[in-house]
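Chain letters run A, B, ... following the sequence lines, proteins first, then strands; residues in each count from 1. Below, all heavy atoms of this structure are taken into account, side chains as well, without hydrogens, waters or symmetry copies. Since the structure is predicted, the reported quantities are computational estimates derived from the model, not experimental observations.
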Amino acid sequence: MSVRRSSVQELLRSQELEREVVVKGWVRTRRGNKYVQFIAVNDGSGFNSIQVVANAEQFPEEQLKADGVENGAAVAVRGQLVASQGKGQTVEIQATEITVLGKADPTEYPLQKKGHSLEFLREIAHLRPRTNTFGAVLRIRHAMAFAVHQFFNDQGFFYVHTPIITGSDAEGAGQMFRVTTLPEQNPPLTEDKSAVDYKQDFFGKQTNLTVSGQLEGEIAALALGKVYTFGPTFRAENSNTARHLAEFWMIEPEVAFNDLQDNMDLAEDFLRYLVRYALENCQDDLKFLNEQYDKELLGRLQFVVDNDFQRLNYTEAVGILKSAKQKFEFPVDWGTDLQSEHERYLVEKHFKKPVILINYPKDIKAFYMKLNDDNQTVRAMDVLFPGIGEIIGGSEREESLEKLTKRMAEMNVPEHELWWYLELRKYGTAPHSGFGLGFERLVLFVTGMANIRDVIPFPRFPKSAEF
RNA sequence: GCUUCCUUAGCUCAGCCGGUUAGAGCAUCUGACUGUUAAUCAGAGGGUCCCUGGUUCGAGCCCAGGAGGGAGCGCCA
């Protein structure tokens, strides 16, 4: 009779002992002596591995080695699930059959039992998911993605899919990657030969990869009420920092009839929900990251769950920064955007908690943000987190057709490309608000990792698209 | 894109003021050990000192250029 394969996590939690089980996974370590061998097997189902005990009478060490039961090999193990005789684990498998499914030559296999830098692991992105660190990060990443959908679903939001390929380059959120099927050599030119003729391209116009689903999200919000997007997003800036990727995932809720206050409440509830979800559902993985990388991680996550975010106006923030004793590399002036060092001072030194800054000067924010009555500021909202900086950027949107077209003219945003966006203000316009959350920045915060390239399986950044 | 630091064994790193044959821990291999927890102990093998050129009696070390990587900044989520 064949026994169905169990996951390692299932067996580690099992109360049902003295039964035959089968596990399949990868060998993390093999150790022991000429009488008994211990093989830690991990199948990725959770942080912990299960200990397989192999007695020498049946499994001499030389035989195990010759068969390839070594660090990194894929194995299938059949045996009895029993209470552990040793300390450090409650159950273990007394092996009766060990089959090597795929060898990993120990003299060549790059992952060893000790000491790998994150930089080295980045160069072997095809193998790094097998490490404790990346297993933990990827499981937490999954949990966060799941929690995003759960949060919005529970609150009556609808998940909308906004396009990956977009036809407008007027979104103003940065440099874009071009999408074309025109030949690289001698593309068709316009009649006066002054430019490439995109009328002959696949879509009949110039197209790019999306930098934001917001404008399309607004369409959906003004029909379905509460919506969110969660999809890949592309920025072609030559940006080289530990907080930027050329391809990342962004979550953008958009809610009809929400004002800026509602928007702040939503952002705060959302972030706190996600962090609490991680604390409750990713304990083993977070404990490891806390011990290995960042001793203050768990404390910091708990702090976010327990405390309200500090909310204040941009103008007030400028006042605080101007009277700060700390010297800044860049001067603080009303009307200029805050630098990273200013944001960090507010979050990490002054308030020592997450900060929501609102009502920024209109000249440093996007055209679609709602103008305040002072005619100087817009209803923008940035959520600033310790170590991360801006984790969320959002706003109440300008719902007045007249004011919106005026802002677009001032900022040289061509109306004809966004005719559909303007019609939303022409037909049944309504107040509405939304924001964008960079998913990897969330994962960065929750895992305590230092570099955003280590919280996405296959990072894309300038000069790097291997794997 | 700017600034700055780094590149020495499979991995992590030391290498003095420029001076004989370049070292350690881990990994690998050989042996020891009856329950280990990144097992331990003894021994062995393992090097294009990132590349190219230069200075020098002599370069891992100094100089120039190139490549790769990190950090900070800018841009942003």
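One C1' atom belongs to B/G18, the other to B/C2, and the distance between them is 34 Å to the nearest Å.
Across all strands shown, A/R28 has no heavy atoms under 4.0 Å from either base or sugar-phosphate atoms. Counting non-hydrogen atoms under 4.0 angstrom, A/K463 reaches nothing in the nucleic acid. Counting non-hydrogen atoms under 4.0 angstrom, A/R453 reaches the backbone sugars and phosphates but no base. Across all strands, A/N451 comes closer than 4.0 Å only to sugar-phosphate atoms, never to a base (heavy-atom distances). At the heavy-atom level, A/G32 lies under 4.0 Å from base atoms of the strands shown.
Between B/U36, B/A77, B/U12, one nucleotide has an atom nearer to the side chain of A/F248 than all others, and that is B/A77. Comparing B/U37, B/G70, B/C73 against the side chain of A/Q339 picks out B/C73 as the nearest. With B/A77, B/U34, B/G74 as the candidates, the nucleotide lying closest to the side chain of A/L245 is B/A77. Nearest nucleotide to the A/T241 side chain, out of B/U28, B/G74, B/G70: B/G74. The side chain of A/R235 lies closest to B/A77 when the candidates are B/A77, B/A71, B/U37. You'll find that the side chain of A/E237 is closest to B/C75, out of B/C75, B/A39, B/G70. Closest to the side chain of A/E123, from the set B/G69, B/C76, B/C11, is B/G69. The side chain of A/F38 lies closest to B/U36 when the candidates are B/U12, B/C33, B/U36. Nearest to the side chain of A/D337, among B/U36, B/C76, B/A32, sits B/C76. In this structure, of B/G70, B/A39, B/C29, it is B/A39 that holds the atom nearest to the side chain of A/R31.
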Practice item. Applying side chain to side chain donor-acceptor pair (under 3.5 Å), run through A/W334 and A/T315 and close with a yes or a no. Key: CA-CA 7 Å; A/W334 199 97; A/T315 304; 2.9 Å; yes
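The partner of B/G25, taking Watson-Crick or G-U wobble pairs whose two distances both stay under 3.5 Å, is B/C11. B/U4: Watson-Crick or G-U partner is B/G70, with both key distances under 3.5 Å. If you check B/U56 for Watson-Crick or wobble pairing at under 3.5 angstrom, you find it has no partner at all. Of the nucleotides present, none pairs with B/C76 by Watson-Crick or G-U wobble criteria with both distances under 3.5 Å. In this entry B/G45 has no Watson-Crick or G-U wobble partner, no candidate having both defining distances under 3.5 Å.
For a distance-only test at 3.5 Å, the side chain of A/H244 qualifies as a donor-acceptor partner of the base of B/C76. One donor-acceptor pair, N or O on each side, does fall under 3.5 Å between the base of B/G10 and the side chain of A/Q112. The base of B/U37 sits with one of its N or O atoms less than 3.5 Å from a complementary donor or acceptor on the side chain of A/Q89. One N or O donor and one acceptor, one from the side chain of A/E92 and one from the base of B/G35, sit under 3.5 Å apart. On a pure distance criterion of 3.5 Å, a polar donor-acceptor pair joins the side chain of A/Q85 and the base of B/G35.
More than 12 heavy atoms of other shown residues, nucleotides or ligands fall within 6.0 angstrom of atom CD in A/E316.
A salt bridge links A/R311 with A/E268: at least one charged nitrogen is closer than 4.0 Å to a carboxylate oxygen. Ion pairing of A/E62 with A/K65 is absent here, as no side-chain N (NZ or NE/NH1/NH2) approaches a carboxylate O to less than 4.0 Å.
What you find for A/N290 and A/L297 is that their closest heavy atoms are OD1-N, 3.2 Å.
A close approach under 4.0 Å does occur between a side-chain nitrogen or oxygen of A/R243 and OP1 or OP2 of B/C73. Dashed line: the shortest gap from a side-chain N or O of A/S239 to OP1 or OP2 of B/C76 is not under 4.0 Å. At B/G74, one or more side-chain N or O atoms of A/S340 fall inside 4.0 Å of OP1 or OP2 (strictly under the cut-off). For the pair A/N33 and B/U40, the criterion of a side-chain N or O lying under 4.0 Å from OP1 or OP2 is not met.
Between A/F328 and A/Y345, the ring centre distance stays below 6.0 Å.
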